Amino acid sequence: MASSTKHTGAQLLARSLKQQGVTVVFGIVGIPVVEVAEAIQAEGIRFVGFRNEQSCAYAASVWGYLTQTPGVCLVVSGPGVVHALAGVVNSQVNAWPLVLVGGACETALEGAGAFQESLQVEMCRPYAKYSARPPSIAQIPATVERAFTHAVAGRPGASYVDLPADYIQGSFSDAAGGGEVEELRRFTRVAAQANPADVRRAAGILANASSPLVIVGKGAAYARAETEIRT
């Protein structure tokens, strides 16, 4: 009989973050994400603790801007996610890649006034490129990969991953899933590209202008186009 390995949801999340190349997580430890913070550190990922979710989310979003890879912010349920929304909106508006991970109440207690119960996926959706809860513990890695891909694809922005307490503390067996937990690929940046004909037309207009004005945005910064702009 083939042996099986059990993974908690917290361990799956931590391993998924490491697969995506995460080296540091900004966060606030509390119910129900204590085990997540422990698992993250067990994977060798640095955890930077904060006392306020807003500043924590801002720090993660700035990390995303400076490194051009998604900054990761971990917060508790309810008010924790509400306070972190400032960083989500900031990242979305400024095109800074961010992945917010929020704890949530147990799925069996939803609608019963559970501790810090809130409609967090729905709350984040208007302000993020991607906002979702994994369908099951086994699907945590796939959801994390999608969150990272959305955060960097085209115009960078924010993603939100919702983790209920029973997912975090629950376990998933390789045997129950019909095999080992899938090793997912690391996110890749997919650049947004304009129509080449439009680019040539714009270049022609600028070349023939007597007093051209060029407004350069973050796309040029991400592309490291300093030399091309100057010349």
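Please read all numbers here as calculations on a predicted model, not as lab measurements. When a residue number appears, it is its place in the shown sequence, counting from 1.
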Whether over 12 other heavy atoms sit under 6.0 Å from Y65 OH:
no

Assess whether atom CZ of F47 is packed by more than 12 heavy atoms of other residues, nucleotides or ligands within 6.0 Å.
yes

Between V33 and I168, is any pair of side-chain heavy atoms under 4.5 Å apart?
yes

Distance in Å, T107 OG1 paired with D166 CG, rounded so as to fall on 0.5 Å steps:
3.5 Å

Answer yes or no: does atom CG of L206 have more than 12 heavy-atom neighbours from other residues, nucleotides or ligands under 6.0 Å?
yes

Distance from M123 atom CE to L85 atom CG, nearest 0.5 Å?
6.5 Å

Among S159, P70, S61, which residue meets the side-chain contact (heavy atoms from CB on, under 4.5 Å) test with S91?
S61

Can you check whether T23's main-chain N or O pairs, donor with acceptor, with K18's side chain at less than 3.5 Å?
no

Please step through side chain to side chain contact (heavy atoms under 4.5 Å, CB included) for the pair V144 and F148, ending with a clear verdict.
CA-CA 6 Å; V144 169; F148 274 76; 3.7 Å; yes

With a cut-off of 6.0 Å (strictly less than), are more than 12 heavy atoms of other residues, nucleotides or ligands near CZ of R46?
no

Check the hydrophobic clustering (I, L, V, M, F, W, Y; side-chain heavy atoms under 4.5 Å; chains of links allowed) and say if I28 and V48 are grouped together.
yes

When you measure from the side chain of Q92 to the backbone N and O of G157, does any donor-acceptor pair fall under 3.5 Å?
no

How long is the straight-line distance from CD of Q19 back to CG of L12, given to the nearest 0.5 Å?
9.5 Å

Once you round to the nearest 0.5 Å, how far does CZ of R133 lie from CD1 of I140?
11.0 Å

Is a side-chain N or O of Y167 found less than 3.5 angstrom from the main chain of T8, in a donor-acceptor match?
no

Would you say L163 ends up clustered with V75 if hydrophobic residues are merged whenever their side chains have heavy atoms under 4.5 Å apart, either directly or through other cluster members?
no

Can you measure from SG (C124) to OH (Y130) and round to the nearest 0.5 angstrom?
12.5 Å

